[in-house]
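One-based numbering, in listed order, for ligands and for the atoms of each. The chain is numbered in sequence order, starting from 1.
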Amino acid sequence: MERAELTKAGSLKGEIIPPPDKSISHRAIMFASIAQGKSVVKNFLRAEDPISTMNAFRSMGIEIEEKAGNELIIHGKGLYGLKEPFDVIDCGNSGTTVRLISGILSGNPFFSVLTGDDSLKQRPMARVIAPLKEMGAGISARDGDKYLPIAIKGRRLKAIDYRMPVASAQVKSCLILAGLYADGTTAITELQKSRDHTERMLKSMGADIQIDDLVIKVKGRSGDMGLRPIDVTVPADFSSAAFFIAAALMVPNSEILIKNVCVNPTRTGMLEIIKNMGADVRVENVRDISGEPVADIHCKGNVNLKSVKIGKDIMPSLIDEFPILCVLATQAEGVTEIRGAEELRVKESDRIKAMATELKKLGVEVEEYPDGISIKGKASLKGNVVESYHDHRIAMSLAIAALAAEGTTTINNSSCVDISFPGFFEELKRITN
Ligand code: S3P
């Protein structure tokens with residue numbers, strides 16, 4: 001479980017390429033597995049979450065070769081080529097794995113059971129189970145269809161017209177995947193626009209997907225009409241880059257270049273927020289890699305950050321950046337308020353509670369609301385012993401706070417960074433003076 005000790009930083013300098021995007025890595029494995037033929041995935045994220053997805057598909061008979069340089073060769077067997085797994089599928093800590101796979105398994109004619117670690121077992125699954133049942137899936141779960149384990153007996157599904165009650169790319173993606181197995185056209189209306197990696201990748205593989213603002217229509221396929229294999233290069237993860245962006249803004253005299261970052265607009269709400277805070281951050285050299293916009297992000301410290309109000313509208317595009325934005329807010333003049341963030345209560349940990357509790361330990365004035373938090377800046381942070389709650393993004397956010405805190409900060413259970421960013425502490429050390 002380990003503990004990390006960090007001290008106040010002088011400055012951050014240099015170049016960094018964050019790890020490959022987690023959302024895209026999951027999707028590449030899943031979609032390539034149900035495509036017809038050989039796919040190549042370059043720069044795959046070799047971290048615990050995507051490895052849960054890889055193990056799941058291997059357990060359903062998919063051959064995945066691991067080559068040098070994080071390249072995978074995936075031998076897809078078509079929409080109906082998966083075989084019944086011999087054992088329970090363990091999704092570990094990964095919400096993306098369990099929710100997206102549920103959509104695929106609901107359309108496959110065999111029995112399967114999904115479970116996960118203690119955190120995942122407490123996260124809400126009714127949000128995918130209820131609409132999948134409406135599509136005719138044979139699916140049930142613990143405690144009145146609310147929590148893992150989930151048992152699925154797949155069968156032919158019917159298309160539905162579904163209005164999503166939550167903004168969630170995982171729910172949307174689950175239903176798009178189930179829609180591939182349904183008779184007719186499934187229409188999904190999002191509550192708010194969420195990350196669209198699923199739509200981009202599946203369309204490039206030949207899926208019949210129409211998007212009109214918040215409405216996504218998926219035409220079901222049957223028999224041997226299937227998805228084409230892919231050859232993709234996964235760009236760096238904006239959500240991992242976010243820790244370094246914040247660090248550069250918080251530590252005086254910093255200047256860093258973060259390269260090859262996916263800047264899909266459904267993911268980069270944080271850039272808009274920090275611009276409003278007064279940050280000097282430039283997005284350069286924007287290009288397209290495998291259907292996703294990619295850029296280099298140039299960050300310079302030495303600015304007087306101002307507090308901001310962050311509301312529900314922008315939340316989906318910065319959903320995973322809540323913890324690091326809380327840390328950044330401690331160094332902004334005035335009270336930063338983040339509201340409409342109730343989804344953060346059901347992530348890998350209750351991230352509102354976790355950040356409120358741990359920032360207080362570092363000497364910050366914080367108020368917690370059911371749907372968010374307010375943070376008073378500019379605070380003089382004082383090192384202390386803090387908890388990660390076994391949540392990778394909490395651990396990494398507190399590590400960045402430590403760089404601006406007097407004395408030593410100890411983060412308990414710090415090895416959870418391996419969920420999305422193996423080598424995080426080493427990378428941070430490399431660019432810190
Ligand atoms: C993800 C979607 C988001 C995000 C998660 C990854 C995805 O979850 O928080 O880290 O890959 O689709 P929700 O869709 O539940 O908001």
### Task
Compare all side-chain heavy atoms of I373 with those of T336 and state whether any distance is below 4.5 angstrom.
no
- Message: Do V234 and L45 make a side-chain contact, defined as non-hydrogen atoms from C-beta onward lying under 4.5 Å apart?
- Response: no
- prompt: Which residue, D49, D418, D320, forms the salt bridge (Lys or Arg N to Asp or Glu O under 4.0 Å) with K22?
  reply: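 Result: among D49, D418, D320, D49 is the only option passing the salt bridge (Lys or Arg N to Asp or Glu O under 4.0 Å) with K22.
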Check your understanding: Under 4.0 Å between a Lys/Arg side-chain N and an Asp/Glu carboxylate O for D371 and R339?
Key ->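 Counted as a salt bridge, because a side-chain N and a carboxylate O are separated by less than 4.0 Å.
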Is it true that E368 and R345 make a salt bridge, defined as a side-chain N closer than 4.0 Å to a carboxylate O?
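Here E368 pairs with R345 in a salt bridge, since their nearest N and O are under 4.0 Å apart.
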Query raised in the report: Taking atom NZ of K309 as the centre, does the number of heavy atoms from other residues, nucleotides or ligands within less than 6.0 Å exceed 12?
Result: yes
Requested in this report: Mind listing the closest non-hydrogen atom pair of A295 and E284 along with its distance?
Outcome: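 Taking A295 first and E284 second, the nearest heavy atoms are CB-O, 3.4 Å.
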Using non-hydrogen atoms of the residue, decide whether H197 is closer than 4.0 angstrom to ligand 1. no
Could you tell me if any non-hydrogen atom of E343 lies under 4.0 Å from any atom of ligand 1?
no
Would one find an N or O of [X], backbone or side chain, under 3.5 Å from an N or O of ligand 1?
X: S168; answer: yes
X: E348; answer: no
X: V171; answer: no

Atom 3 (C) of ligand 1: of R267, K172, K347, the nearest heavy atom sits on K347
Mark up the atoms of ligand 1 that fall under 4.0 Å of a heavy atom belonging to [X], in ascending order.
X: T96; value: 1 (C), 6 (C), 7 (C), 11 (O)
X: S23; value: 6 (C), 7 (C), 11 (O)
X: A169; value: 12 (O), 14 (O)

Centres of the F243 and F421 rings: under 6.0 Å? no
of all protein heavy atoms, closest to atom 12 (O) of ligand 1 is R27 NH2, 2.7 Å
Nearest-neighbour protein heavy atom for atom 10 (O) of ligand 1, which is reported as residue plus atom name and distance: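 The answer is D320 OD2, 2.8 Å.
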